[in-house]
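Just so it is clear, the structure is predicted and the values come from calculations on it, not from any experiment. We name chains A, B, ... by the order of the sequence lines, and we start the count at 1 in each one.
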Amino acid sequence: MGKLWLICIASISILLPFLCNAFSPETPTDRRVLVLLDDFAIMSSHSLYFNALKSRGFDLEFKLADDPKIALQRYGQYLYDALILFCPSVERFGGSIDVAAIVNFVDSGHDLIVAADVNASDLIREVGTECGVDFDEDPSAMVIDHIGYAVSGTEGDHTLIASDDFIKSDVILGGKKIEAPILFRGIGHAVSPANSLVLKVLSASPSAYSANPKSKLSTPPPLTGSAISLVSIVQARNNARLLITGSLSMFSNRFFRSGVQKARSQTKHEKSGNEQFLTEISKWIFHERGHLKAVNVKHHRVGETDEPALYRINDELEYAVEIYEWSGTSWEPYVANDVQLQFYMMSPYVLKTLSSDKKGLYSTSFKVPDVYGVFQFKVEHQKLGYTSLSLSKQIPVRPYRHNEYERFIPAAYPYYGAAFSMMAGFFIFSFAHLYSK
Amino acid sequence: MATMPASASDLLKSFKLKTKQQELLIRVSILCLVYILAFITRLFSVLRYESMIHEFDPYFNYRTTLYLTENGFYDFWNWFDYESWYPLGRIVGGTLYPGLMVTAVLIYRILRFLRFAVHIREVCVLTAPFFASNTTLVAYFFGKEIWDSGAGLVAAILIAVCPGYISRSVAGSYDNEGVAIFALLFTFYVFVKAVNTGSLAWSLASAFGYFYMVSAWGGYVFIINLIPLYVLVLLITGRYSMRLYVAYNCMYILGMLLAMQIRFVGFQHVQSGEHMAAMGVFFLMQVFYFLDWVKHMLSDTKLFQAFLRITVTSAVAVGGIALGLGMVSGYISPWTGRFYSLLDPTYAKDHIPIIASVSEHQPTAWSSFMFDFHILLFLFPAGLYFCFKRLSDATIFIVMYGLTSMYFAGVMVRLILVATPAVCLISAIAVSTTVKNLTVLLRSKNKVVQTGSTKGSGGSKSSSKALLDQSQPFQKNGAIALLFGAFYLLSRYATHCTWVTSEAYSSPSIVLAARGAHGNRVIFDDYREAYFWLRQNTPQDAKVMSWWDYGYQITAMGNRTVIVDNNTWNNTHIATVGRAMSSYEDEAIEIIRSLDVDYVLVVFGGVTGYSSDDINKFLWMVRIGGGVFPVIKEPDYLVNGEYRVDKGAAPKMLNCLMYKLCYYRFGEMMTEYGKPPGYDRARGVEIGNKDVKLEHLEEAFTTSNWIVRIYRVKPANNRWWLNRYKFG
């Protein structure tokens, strides 16, 4: 049984067995990143973004998307830890890569950044659909916002949007507030309502809609208002992280450097928020932030140290687990006051908030309920931005043995008395009956 | 037995034995032969297949026996089994009748002590035949007690080969009934002996016999109701005696105290409605005794009559009020569904589908009476006639035992087993008396003629004597003819019994045999193949969901945790599994996930034509599931009240989980020459949904003849999370 529990613990952070070349559970930050481009000009036009990644120690490998030599894995092992698709117009990947290969890549616990753009190919849309977002089907549609557009000298069709409707999460966007709005030009997408793993990080304003700016609107646009997501993230069950956006240009040096002034707003920012926003979010995507691990799950009876194979009803027990957060370079204690433990058999019989010692150790003690069965210690910690922790450890709870009940109970003394007086009386009666003449 | 060598040496000395010795020699040798016969006639299955445990329940018994041998009695007594009824678990020690296991382990220990290096499995396989042999001895003594030793011998022979008993006691059928019939008959025999002698010792023995019966089988309820009924009948017919008083009181009080030591019975013995009859009769007995004493003291009959009336009325009233109060306050539990279904055969069908779904709980067909009893069916009424002709306390008992158990045998197929000893005993009385009368006639003929001729005097008498003389040849010939007829019938009986044993009752049902195209025997060992696969290829703590029939086998042979098993104690849990099997896949997967199921196992006979598969059991799953969860409705699975799996089947039927799991990839398979692909041989139709796609489950293993199919539950989609599980 001990082995099984070890397996359970091992399965906490990363589930699938393709660990060998992916990020290891010990150092979850990605190292080797494959960047697929439509043409190599993007290397220079988006160099600020790439340099920011390189400066953080990532090993970027640039390839053309239709390069026949590209491959994600060799001999069953993945060559990269993460993939960036900056190739919105590619119709067919070169080499052995296709949508299924990308999906498998993600399902093996690797990260992905997808940037689509106007006239995005069906292939890129399909990748989006697999990840739970639907790009506007009209190939030439763009997100238009006649109120929330960015003031610019040249353009008048209001497709350059300045948005500041961020998700409220310090884990995803970093502790520093993003002051300037984000410049965005591209297609919008909707988050699939059936999928609650997808999160909108940057939404369009309520006045936005998605349509072809060149033609007149004849039918109501399919995507309107804040249902339009500009940037979305997905954290898969195996904690692979995905970023999907409909704008490649928002990563570009031009957008990074340009100033931004939102329409009807007096404040003019010297620099758009793009650089800060995308850098911070890339830290999240590449597991430099918000990655938890739980180790040393321990439980035992109060006063003992060894883990029993099963408990008895009404036992007092102690449970402890250590939770750490990856800071990008080292494991730091995770501090929270809302980690809960369930003692679970079809429904939680005990639900307790674990108390933390601020050094990563979470512990509690409780009494096993007066119900026997196969229970589980369950910690389901799913907090926005953090990798989901789900620990479960099976433990049977047995009833009392026949000799574990109280031997003499006061309520039974009349019965003991009755039994013994009966015996004595019978003896005396028999004696008197047999020998009295 | 000690007389044997003595008589043998006498034989050597003089070749001339006294009649009594001769008779004893014959009797003992017949009994020895019967003892051996009863054992060896049950060995067909071992010779045909191998020394293995049969069917479903015996696997649980075997597993617990193994646990008992390995861990000792106290661990067994307190065993909490978390591998069955996940996640509820089962207190095995407190929910079984330990008699069988303890007996087997005792035999095992004795054999070990005698330096026989047997495996516990061999002991388990041969326990039932061994006890069947012992039953023949008890039958002999019982027959001797109620009639004479001739009837006892015949009863021993009849019961040794009677198919009704063999069906539950062949080698490998390691079930409670195997030892329980022995215990049942032994208890009855000793009790009748106690009533006949009024001996406290015999009564004590019957209390211990009862204790053994309680420890072995739930059928002990039959004893604790039949004996009070018998006592009541004796009281009513004015056969109350001191012997009866001693026998019943001792047996009831001690038997009750002993029975309460079995954890599964415990306080039920004084609290449940099924046991109240015995208690009522016990108190009635005291009233009778008291009245007897008052009658003895009072000389005035009129006064006594008045007293009698008052006493009886008040006693009955007090008893009735006590029972009513107990019922209302809940101290006395009402009768269980099983008990009701015994008294009213239609009860289970309407109220408890889980009892009605078991094939051995069906009402008995006439043919199976004929199959199991053969000539005993005719001899039984004849025996009753003889019993009524020579009414005594003992014959009243056997008559009552015979009549009540015959009624129960009509209600449930499996209770033929309980009726078998009574039928054998009563038939033995018929056979023995008839044969005895006939032989007496044959032998005494000369004497009658002689005495007739010497003592004949007077006109009218001589004419009658002449008539008698005239009738003699016919009588003699008739007797000879009847004797031959009787022996012919008995020999037919022996032939029939052997044939039934070898053909019908000796298949282990875990290994299936069929005749191939060329008359050769084909063995389907798919069950064990599947269980072995589970044992070797799945994680130690994997949970397997299947219909409850296979639960015991999966835990015993596959060593994996099951959701439900043959101990059908929790109807809701079974209904949950039934609901999962009869829902659409995406609804079922939620139930499956909520039960942490890793594998789903179904039994499918469409390829081999094996008819007792899950598709044929499916309607019961729907009924049992629908009994608890009204979203499952039986009419959804039927078309015009008809159950079918072909193109005309109900849409829900064609898309429910059970259908999909059974017929997955079946649509592309050719099962029989000249039939379209996807032809189901068990039901003789082409299936309706050939394009079965599974979303959340994947095929993990299918046995060589497709009888057992195992599916793995896929993990939840990595990138998709259905909205209902949204966190927040």
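- Nearest heavy-atom pair, A:L310 versus B:Y82, reported as atom, atom and distance to 0.1 Å: CD1-CE2, 4.2 Å.
- For the side-chain hydrogen bond (donor to acceptor under 3.5 Å, both in side chains) condition, the pairs that include at least one residue of residues 574-585 of chain B, sequence neighbours left out, are B:E585-B:K660.
- With hydrogens and angles left out, the side-chain atoms of A:Q394 and B:D596 include no donor and acceptor closer than 3.5 Å.
- To the nearest 0.5 Å, atoms OH (A:Y372) and CG (B:L88) are separated by 8.5 Å.
- Counting heavy-atom pairs under 4.5 Å between each of A:E404, A:Q235, A:R401, A:M345 and chain B puts A:R401 at the top.
- Contact detail for A:R237 and B:N717: the closest heavy-atom pair is NE-O, 2.6 Å.
- No more than 12 heavy atoms of other residues, nucleotides or ligands lie within 6.0 Å of CZ in A:F420, so this atom counts as exposed by the packing criterion.
- Using a 4.5 Å cut-off between heavy atoms, A:V371 does not touch chain B at all.
- In this structure, B:M242 places its CE atom where more than 12 heavy-atom neighbours from other residues, nucleotides or ligands lie under 6.0 Å away.
- Between A:M346 and B:S594, every side-chain heavy-atom pair lies at or beyond the 4.5 Å cut-off.
- The side-chain heavy atoms of A:R398 and B:I91, taken from C-beta on, include no pair separated by under 4.5 Å.
- Residue B:F73 qualifies as enclosed at atom CZ: its count of foreign heavy atoms under 6.0 Å is above 12.
- Summarising the geometry of A:H402 relative to B:Y74, their closest heavy-atom pair is CE1-CD2, 3.1 Å, with the distance given to 0.1 Å.
- Looking only at side-chain heavy atoms (C-beta outward), A:P399 and B:F80 come within less than 4.5 Å of each other.
- Applying the side-chain hydrogen bond (donor to acceptor under 3.5 Å, both in side chains) test to pairs two or more places apart or on separate chains, those with a residue in residues 339-348 of chain A are A:Q340-A:T353.
- Contacts of B:D81 with chain A are absent, with no heavy-atom separation under 4.5 Å from either backbone or side chain.
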